[in-house]
Amino acid sequence: MEITGADSHQFTEPGYLGEAVPITVREIQVTNDSREISFEEQRNSLITFPEGDYLISYVGDLDGNSFSTLFTTPYTVTISLPGVYSVDNPLLGYVSQGGSVQAEENQTLITWEGTRYAEIRFYDEARLVILYTFGTIWVMLMIILLFGYYSMRAAARE
């Protein structure tokens with residue numbers, strides 16, 4: 001994530017009531033003009049560094065197939081999903097307001113400009129197959145029930 005004019009950052013996710021809940025992250029890198037900046041790790045997933053404009057990258061665990069983040073001030077956020085994941089299907093995927101999606105060769109880039117909240121829900125090919133299978137079963141069941149209903153009405157008219 002890109003941050004400007006900041007001297008600290010806390011890694012959080014939204015809680016049930018929208019409050020910021022600290023999360024555990026690893027492999028944190030703070031860079032400025034292609035060089036790594038040293039930082040101090042504080043308590044509650046807070047890092048501090050000299051005030052400036054930075055790019056922060058980190059690795060964290062995801063709960064399910066979603067990612068959300070909450071900031072106290074607006075930031076530019078870019079999320080890069082590997083090519084096996086998608087956000088296109090509105091029944092399975094979701095991108096919060098203001099996010100622009102760009103599909104590239106082996107990845108999907110989702111970017112928000114000046115946002116305080118970013119959320120995505122993504123899926124893989126297996127979930128899409130399950131959705132189509134579930135939908136097909138329900139359509140077939142409805143056809144069978146409608147056919148039986150109209151057959152009974154036709155028999156009652158005779």
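One-based numbering along the sequence shown. On a predicted model such as this, the values are computed, not experimentally measured, just so you know.
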Between [atom1] on residue [X] and [atom2] on residue [Y], distance to nearest 0.5 Å:
| X | Y | atom1 | atom2 | answer |
| --- | --- | --- | --- | --- |
| Ile23 | Asn44 | CD1 | CG | 12.5 Å |
| Ile137 | Tyr132 | CD1 | OH | 15.0 Å |
| Thr115 | Gln97 | OG1 | CD | 8.5 Å |
| Phe147 | Ile143 | CZ | CD1 | 11.5 Å |
| Phe122 | Arg127 | CZ | CZ | 8.5 Å |
| Ile28 | Glu36 | CD1 | CD | 11.0 Å |

What verdict does the side-chain contact (heavy atoms from CB on, under 4.5 Å) test give for Glu104 and Leu109, after you've listed the backbone C-alpha separation in whole Å, the side-chain angles of each residue and the deciding distance to 0.1 Å? CA-CA 7 Å; Glu104 295 184 357; Leu109 290 176; 3.4 Å; yes
Quick one, [X] and [Y] - any side-chain contact, counting heavy atoms below 4.5 Å?
| X | Y | answer |
| --- | --- | --- |
| Glu19 | Val21 | yes |
| Thr78 | Ile110 | no |
| Glu41 | Phe39 | yes |
| Asn89 | Leu131 | yes |
| Val84 | Glu125 | no |
| Ile120 | Leu81 | yes |

Atom pairs and distances, side-chain donor-acceptor, residues 48-60, under 3.5 Å, sequence neighbours left out:
residue: Thr48; atom: OG1; partner: Gln42; partner atom: NE2; Å: 3.3
residue: Asp53; atom: OD1; partner: Gly5; partner atom: N; Å: 2.8
residue: Tyr54; atom: OH; partner: Pro50; partner atom: O; Å: 2.5

Between [X] and [Y], which heavy-atom pair has the shortest distance, and what is it?
| X | Y | result |
| --- | --- | --- |
| Ala118 | Ser96 | CA-OG, 3.6 Å |
| Ser80 | Gln107 | OG-OE1, 2.6 Å |
| Pro22 | Ala20 | CD-O, 3.9 Å |
| Thr12 | Thr69 | O-OG1, 3.8 Å |
| Arg121 | Pro90 | NH2-O, 4.3 Å |

(request) Using the side-chain contact (heavy atoms from CB on, under 4.5 Å) rule, take Tyr94 and Glu119 through it: C-alpha gap first, then chi angles, then the decisive distance, then the call. (result) CA-CA 8 Å; Tyr94 171 74; Glu119 179 182 14; 3.7 Å; yes
Evaluation steps, side-chain contact (heavy atoms from CB on, under 4.5 Å), between Trp112 and Thr76
CA-CA 6 Å; Trp112 292 264; Thr76 297; over 6 Å; no
query = Mind checking whether Phe67 and Leu92 sit in one hydrophobic cluster, side chains of I, L, V, M, F, W, Y counted as touching below 4.5 Å?
reply =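 No, no single cluster joins them.
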_Main chain of Leu91, side chain of Tyr123: is a donor-acceptor contact present, judged purely on distance under 3.5 Å?_
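Flag not set: sc Tyr123 to bb Leu91 has no pair under 3.5 Å.
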Determine, stepwise, if the pair Tyr75 / Thr73 fulfils side-chain contact (heavy atoms from CB on, under 4.5 Å).
CA-CA 7 Å; Tyr75 291 113; Thr73 58; 3.4 Å; yes
